[in-house]
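These numbers were taken from a predicted model, which means no experiment stands behind them. Within every chain, numbering begins at 1; the chains are lettered A, B, ... in the order of the sequence lines, protein sequences first and strands thereafter.
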Protein chains: 2
Amino acid sequence: MEAQRDHLAPLVVSDSPVEKFREFLEIRGEKLTDRRRLLVDHIFNSHKHFDADELVRDLHDAGHGVSRATVYRTLRLLVEAGLLRELRLTNRSAYEHDYGYPAHDHLHCTSCNRVVEFRNDEILRLRDAISAAHGFRPSGHRFLITGVCAACSRAHSPRRRLDLI
Amino acid sequence: MEAQRDHLAPLVVSDSPVEKFREFLEIRGEKLTDRRRLLVDHIFNSHKHFDADELVRDLHDAGHGVSRATVYRTLRLLVEAGLLRELRLTNRSAYEHDYGYPAHDHLHCTSCNRVVEFRNDEILRLRDAISAAHGFRPSGHRFLITGVCAACSRAHSPRRRLDLI
DNA sequence: CTAGAATTGAGAATCATTCTCGATTCTCGG
DNA sequence: CCGAGAATCGAGAATGATTCTCAATTCTAG
C-alpha cells in the first residue's frame, strides 16, 4: 500500500546517513573510518541542534574518546556531504540534521535564545522565484526570523517599549 | 512638493546616522565621542559591506588611528542602535547599513563568494504571518539564498553535476 | 605480511573578538 | 578657567573557537 506522501517531500531517504556518508567519501577517495562512523551514528541517533563542544563532551561521557581535531574535521565533511546544516547564530557554529529531515526554517528568540523550527511551503516558491529573477541557481536557503517568543513576551512586562531600564 | 514615496518604504530618515547614534547613546547615558563620530562618519560615507578589519585598515590608511578595541566596541553599539546589520556568512562578521537603507535580503554565490541584494515584499508578509502563527513577536529576519550566480554558472562547464573532479 | 597512503590525536598555532587597566578626555559644578 | 569624577580610549594580554602540525597508528592493496 502507498504510504501517504507529503506532496512536497523532496527527500527520498533510501540510504542511512552512514551509507550516504560512505558514498560521499568514496567519491572523494576517502574512507569511512571507525571514528567517522562513530560520529555519524551518534549524531543521527540523538541530537538535533548541537555544537562541536557538546559532541566532544557527549562522546567522552559515553566512553568514546574522539579528539577535538577529528570532530571538527568530520563536521566539515558532513556539511559538505549534505548530511548536516551549519547554523551561525552565535559565535560558535551549531549543526542540525539536513539529510532525512524535512526542509524547515527557524525562529530565534533573542530573549531566551531558544530556536524553534517551522515549515512553510511558500518560502521555497519565493526562493525559486527570486532566484530565477536573478539568474541565480539556488542550492539552499536560510530564513531566520528573530524576535521574542510567546513565553518571553508574556514573562516580561507587556507594556515595555525600549530596553530603557 | 510631495516626494514620490515607495508605498512600502518603512524608513523615514529624518536624522543623520550620527544623530540617530547620538540619541541612542544619550538614552543609555553614553557619549558621542570623536572616535565614535569618526567611525560612524566613515562607515556611512562609503562602505556597504565591510568587516572590522577593513575598517581598521581603511581608517589607518586615511591617517586616523582607531584601536581595534574601539572599533569592535563601536560596531557592537551601532548594531544595538539599529544603524548596522550584522551578517555572519563566514567566520568573521560582516556589517552593512541598516538605518536609512531599504529592507532587503541576500543571494550568496558560493562559487565567487559575491553577495547580491534583492528586495521582495512578500517576505515581510510571510515573516509576519509565520510569526503570528507561532505567537512570536518578530523584530527582524534574515533570508539568505545560497547558490551559484549567473556569471559563475556560465563560467563553469554547464553540464557538470557534482564536484566530482 | 608489508609498503605506502590516509587518518588520528595531542598539543601548538591561528584568528577573530573581548577584556584589562593605566592614560586620556570629557562633563559639569563651581 | 579649574579640577574631580566618570566615561572612553588604546596597547597588549587573554579568551575561545577552530585549524594546523606531525609523529604514531591504522588501513588498503598487493
Do the side chain of A:R73 and the base of C:dG9 come within less than 3.5 angstrom through a donor-acceptor pair of N or O atoms? yes
Using whole Å, what does the distance between atom C1' of nucleotide D:dT19 and atom CZ of A:R68 come to? 13 Å
Return the set of residues passing side chain to side chain donor-acceptor pair (under 3.5 Å) with A:R36 (not counting sequence neighbours), or none when no residue passes. none
Could you check how far CZ of A:R36 sits from P of C:dG9, rounded to whole Å? 11 Å
Does the distance from a Lys or Arg side-chain N to an Asp or Glu carboxylate O, for A:R125 and A:E122, drop under 4.0 Å? yes
Starting from P on D:dG10, measure out to OH on B:Y72 and report it in whole angstrom. 15 Å
Comparing A:N91 with B:D34, nearest DNA chain D nucleotide closer to 5' gives the residue B:D34
From NZ of B:K31 across to C1' of D:dC9 the rounded distance in Å is 13 Å
Can you check whether A:S139's main-chain N or O pairs, donor with acceptor, with B:T146's side chain at less than 3.5 Å? no
Value in whole Å for how far the C1' atom of C:dC15 lies from CZ of B:R57: 14 Å
Residues 71-80 of chain B, side-chain donor-acceptor partners within the protein, below 3.5 Å, at least two apart:
residue	atom	partner	partner atom	Å
B:T74	OG1	B:T70	O	2.8
B:E80	OE1	B:R28	NH1	2.7
B:E80	OE1	B:R28	NH2	3.3

Rounded interatomic separation in angstrom, taking CG from A:L89 and C1' from D:dA17: 16 Å
Protein-nucleotide distance (B:L32, atom CG; C:dC26, atom P), rounded to Å: 11 Å
Within residues 80-88 of chain A, those residues having any heavy atom closer than 4.0 Å to DNA chain D are none
Could you check A:D53 against B:V66 and say which one's nearest nucleotide on DNA chain D is further toward the 5' end? B:V66
Check the angle between the aromatic planes of B:F44 and B:H97 and answer parallel, tilted or perpendicular using the 30° and 60° thresholds. parallel
Can you label the angle between the A:H106 ring and the A:H104 ring as parallel, tilted or perpendicular, going by 30° and 60°? perpendicular
